[in-house]
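All values below come from the heavy atoms of this structure, side chains included, with hydrogens, waters and symmetry mates left out. Note on naming: letters A, B, ... go to the chains in the order of the sequence lines (proteins, then strands), and numbering restarts at 1 for each one.
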Amino acid sequence: MSYDHGSIEKKWAKYWDEHETFKCDVHDFSKPKYYALDMFPYPSGQGLHVGHPEGYTATDILCRMKRMQGFNVLHPMGWDAFGLPAEQFAIKNNEHPEGFTRKNIAHFKEQIKTLGLSYDWSKEIATIDPSFYKWTQWIFLQMYKHDLAYVDDIPVNYCPELGTVLANEEVIDGKSERGGFPVIRMPMRQWILKITAYADRLEKDLEGLDWPKSTLEMQRNWIGRSTGVQIRFNIEGKDTHFDVFTTRVDTLFGCTYCCLAPEHPLVKELVSAEQKEAVEKYVSDAAKKSDLMRTSLEKEKTGVYLGATAINPINGKSIPIYVADYVLGSYGTGAVMAVPAHDTRDYAFAKKHDLPIIQVLEGDISNEAMVDDAPHMNSEFANGMNIAEAKAAITKKLVELGAGKEVVNYKLRDWIFSRQRYWGEPIPMMQDKDGKEYPIPEDQLPLVLPELDDYQPTRDGKPPLSKAPDAWLKPTIDGKEYLRETNTMPQWAGSSWYYIRYIDPQNDKAMADPELIEHWLPVDIYVGGQEHAVLHLLYARFWHKFLYDIGIVKCKEPFQKLYHQGMILGANGEKMSKSRGNVVNPDDIVNSNGADSLRLFEMFAGPLNEMKPWSTESLNGATRFIERAFRLVSEEPYTKMISDENSHELDYSYNFLVKKVSTDFENLDFNTAISQMMVFVNDCYKAKSLYKSYLEGFVKLFSCVCPFAGEEMWSLLGHKDSIAYEKWPTYDEKAITLTTVKLAVSVNGKMRDVIEVSKEATQDEVMAKANESAKVQSFLAGHEIKKIIYVPGRILNIVVA
RNA sequence: GCUCGAGUGGCGGAAUGGUAGACGCAAGGGACUUAAAAUCCCUCGCCCUCAAAAGCGUACCGGUUCGAGUCCGGUCUCGAGCACCA
């Protein structure tokens, strides 16, 4: 009987569906819980690509193992379904985006269902369901009530092409992350979430997470914590001052001027009559500059003298004040002390504007700023000190003078949370006639998106919802008329808490039952692409911490263990794309080779977290292995060799297999686990008899990677029920502990021969045996033995003169 | 520029500081077959060989060690992220 993947896969997919094999009873606390989460997909019109099954298969393998190990496994799937493509489709076709989105979801689901993934579909959610986004809105209201949501008129990144505002995080090199359209700065009323209030905890709690190092690093860099000193500079001849922030307070004696950001409130106040015109022009030009222009002029350090001077508090020296757009209004205090000798930016600015440079650390500053550690000079009491000592001494002095204090600054900015779009969760707020903000009453949630005649934003950037019918737009509550908020939430909103909803998706009284939340969180393993290493994960952690503060969740972090699957590249090693013509469609592979082959190939191709090129030859190799394993239980002579008696010839191979696969799966080292399965199957082919219990154990391990073939093999071995909840195989440590070992013998570190000795052999015994080896002898002859290194079971190294 | 990660056969990749190249792909050979495919078995880093032995080999240079793909210092290349953050 040959292996027919088509009929076998259909048969078992149907079986699992009908038997609800993977339905998780979340109320069953009798078993330990295991919550495995995939980053839910955006259901695009293109359908699934071969990258999706990679991460999904990884978590699926873990889930299948955990079920057999007696865990109660929650393994859900859902849809991150708000998003721009559906909105653009709606605008183009003047059709509601929901229909388009639902169609895509149906297609995705159908595709995913062919892959043998053990999802509990009764937990399925979609962020666009009002029953889901009711709670997205509810969380927003709680944030508003805790002063974490506010409106402000701020210069934002407005993208005329998309007709919307983008978060800083969505702007890359002055262009929109999605579409790559130009972005300009312009003031607009926006809802903002105060994520900066959580900056310290978002940073600190990274410690202790089982996450990839690089992702932790990216989060840290994004939060950008830095400790330094805030120094007060008094203005000469005026009863006012400004503060600067510096991480290099040790260089304070080398400060030869100060710079304010163009946005700094003191600029207008301090500017002299002579400089007024030049400064005003500079400031208004800077305001118009988009981020793109600011960065494209990177090397050019422009600025204008303000016509005012400040006093350096450490030595009383008078220094000029400039306004310059290399100083950011949004970081620190929006003002810096400039030390040209030891800061590259200040150096460039000082050279250009002919400002004095005072060296305060020893070293060469003739061509560029000297930023390394060195003894200080020209720094009075700090002379001779290194950076750390000088920092401490100067900070102490500033504190005594009342002119400085240690502070912590973060790069992280507040989260611009509103979008001028239709296809997002309506922000559950409204204004009265005086423009005062009111949250909508919680009992009116969800605030459902109204149908519109057209989904285009207005020309001046007003959201599509401003065209909603009055019945929606102008509600009357308790006799008072309001105007609804017409901004919607960004796509990040739903994904910031969806993992909580999976636990209890039908609940209409709460996000989820509190008892269930406490039991099931945190998520045990979260797998998804590294493209979400910063934004999604940071936002979700922020919301989680807020929910922790208001008592909804009981753990401080949502995702204990995180893993990123690497990209599947085209066969030519380049990223898959239509234009390169190297796209592989998973449907085609499921048809030609079967889902098991696709799963096996993707797991075997290399380490999960690394990029791997597609290879049709390797895919065929995967299929060949499945058939080879299948043959053992389906074809003569192998089936005739299966016995209830153990001939012991596979004892080592089998027990080692179980041990290796168990630990490798746990570590997500699927490629090496699979190679060990191949070794076992090769050993089976060489064996004279096949112990049935070993074959069964193998099939259990194998079924995690190739569930369809695994189920079929299990039934061929005479079992009626699904393999999914069979007991995970155990191994006998004694069977893999050998009494004799093949010991490598080297002379002067070079391997010369291998001898077989008892594991506990003494050095003398081993040396005697080694001396019998002609090969070893030929390297020892005529040399004096100087030293012998013997590591039992590992190596014998003879050092000769 | 800064921060992380990675460089191993023809290819994808294995290797707690201890026999480099497991496993797979590709290639070659054999068995089976009228034949082919499929299957099963064998070979497969380079160099030199009929063969064996020796020699050379984990991007490059150096170091530590009895012993380095693995640890340390430096260089180069590639990938990812950040980017005037004071």
Could you check how far [atom1] of [X] sits from [atom2] of [N], rounded to whole Å?
X        : N      : atom1 : atom2 : value
A:Arg631 : B:rC41 : CZ    : P     : 10 Å
A:Arg220 : B:rU3  : CZ    : P     : 15 Å
A:Asn667 : B:rA14 : CG    : C1'   : 15 Å
A:Trp211 : B:rC4  : CH2   : C1'   : 16 Å
A:Asn748 : B:rA68 : CG    : P     : 11 Å
A:Asn221 : B:rU3  : CG    : C1'   : 6 Å
A:Tyr685 : B:rC42 : OH    : C1'   : 17 Å
A:Leu535 : B:rC82 : CG    : P     : 8 Å

Once rounded to the nearest 0.5 Å, what's the spacing between atom [atom1] of [X] and atom [atom2] of [Y]?
X        : Y        : atom1 : atom2 : value
A:Tyr654 : A:Ile736 : OH    : CD1   : 12.0 Å
A:His783 : A:Asn748 : NE2   : CG    : 8.0 Å
A:Ile365 : A:Ile358 : CD1   : CD1   : 10.0 Å
A:Ile223 : A:Thr196 : CD1   : OG1   : 11.5 Å
A:Lys213 : A:Met218 : NZ    : CE    : 14.5 Å

Hey, is the side chain of A:Lys213 poking within less than 4.0 Å of OP1 or OP2 on B:rG5, counting only N and O atoms?
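Yes, such a contact exists.
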
Does B:rA86 have its OP1 or OP2 closer than 4.0 Å to a side-chain nitrogen or oxygen of A:Tyr326?
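No, A:Tyr326 has no side-chain N/O under 4.0 Å of OP1/OP2 on B:rA86.
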
May I ask you to say what [X] touches in the nucleic acid, namely base, sugar-phosphate or nothing, with a heavy-atom cut-off under 4.0 Å?
X        : answer
A:Phe601 : nothing
A:Pro607 : sugar-phosphate
A:Lys787 : sugar-phosphate
A:Met611 : sugar-phosphate
A:Val799 : sugar-phosphate

Would you indicate which nucleotide in [options] comes nearest to any side-chain atom of [X]?
X        : options                : value
A:Glu217 : B:rA86, B:rG18, B:rU3  : B:rU3
A:Ile789 : B:rG12, B:rA14, B:rG18 : B:rG18
A:Ser226 : B:rA86, B:rG67, B:rU39 : B:rA86
A:Lys750 : B:rG13, B:rC4, B:rC56  : B:rC56
A:Trp222 : B:rC42, B:rG55, B:rC82 : B:rC82
A:Arg752 : B:rU19, B:rG55, B:rC82 : B:rG55
A:Val327 : B:rA86, B:rU3, B:rC56  : B:rA86
A:Thr246 : B:rA86, B:rG13, B:rG12 : B:rA86

Between [X] and [Y], how do the two ring planes meet: parallel, tilted or perpendicular, split at 30° and 60°?
X        : Y        : value
A:His532 : A:His536 : perpendicular
A:Phe242 : A:Phe233 : parallel
A:Phe625 : A:Phe702 : perpendicular
A:Tyr257 : A:Phe349 : parallel

Establish whether the base of B:rC66 is bridged to the side chain of A:Lys786 by a donor-acceptor pair shorter than 3.5 Å.
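Counting by modelled atom types and ignoring angles, no donor-acceptor contact under 3.5 Å is found here.
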
Paired stems touching RNA chain B, three or more consecutive Watson-Crick or G-U pairs with both distances under 3.5 Å?
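The stems are B:1-7 with B:76-82, B:10-12 with B:23-25, B:27-31 with B:39-43, B:59-63 with B:71-75.
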
For B:rU77 versus B:rC84, give the span between their P atoms, rounded off to a whole number of Å.
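Approximately 25 Å lies between the P atom of B:rU77 and that of B:rC84.
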
Between B:rA15 and B:rG9, how many Å separate the two C1' atoms, rounded to a whole number?
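Looking at atom C1' only, B:rA15 and B:rG9 are 15 Å apart.
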
Can you give one letter per nucleotide of nucleotides 22-29 of chain B, 5' to 3': B if a protein heavy atom sits under 4.0 Å from the base, S if only from the sugar-phosphate, - if neither?
BBSSS---

When you match A:Pro613 and A:Gly332 each to their closest nucleotide on RNA chain B, which lands nearer the 5' end?
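Comparing both residues, the 5'-ward one is A:Pro613.
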
Heavy-atom nearest nucleotide on RNA chain B for A:Lys775 versus A:Leu743: which residue maps closer to 5'?
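Mapping each residue to its closest nucleotide by heavy atoms, the 5'-most match is A:Leu743.
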
A:Asn667 side chain to A:Thr663 main-chain N or O, any donor-acceptor pair under 3.5 Å?
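Checking the backbone N and O of A:Thr663 against the side chain of A:Asn667, a donor-acceptor pair under 3.5 Å is found.
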
How about A:Glu368: does its CD atom have over 12 heavy atoms from other parts shown lying under 6.0 Å from it?
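No - once you tally the heavy atoms of other residues, nucleotides and ligands closer than 6.0 Å, there are 12 at most.
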
Salt bridge or not between A:Glu217 and A:Arg220? Use side-chain N to carboxylate O under 4.0 Å.
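Salt bridge present between A:Glu217 and A:Arg220.
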
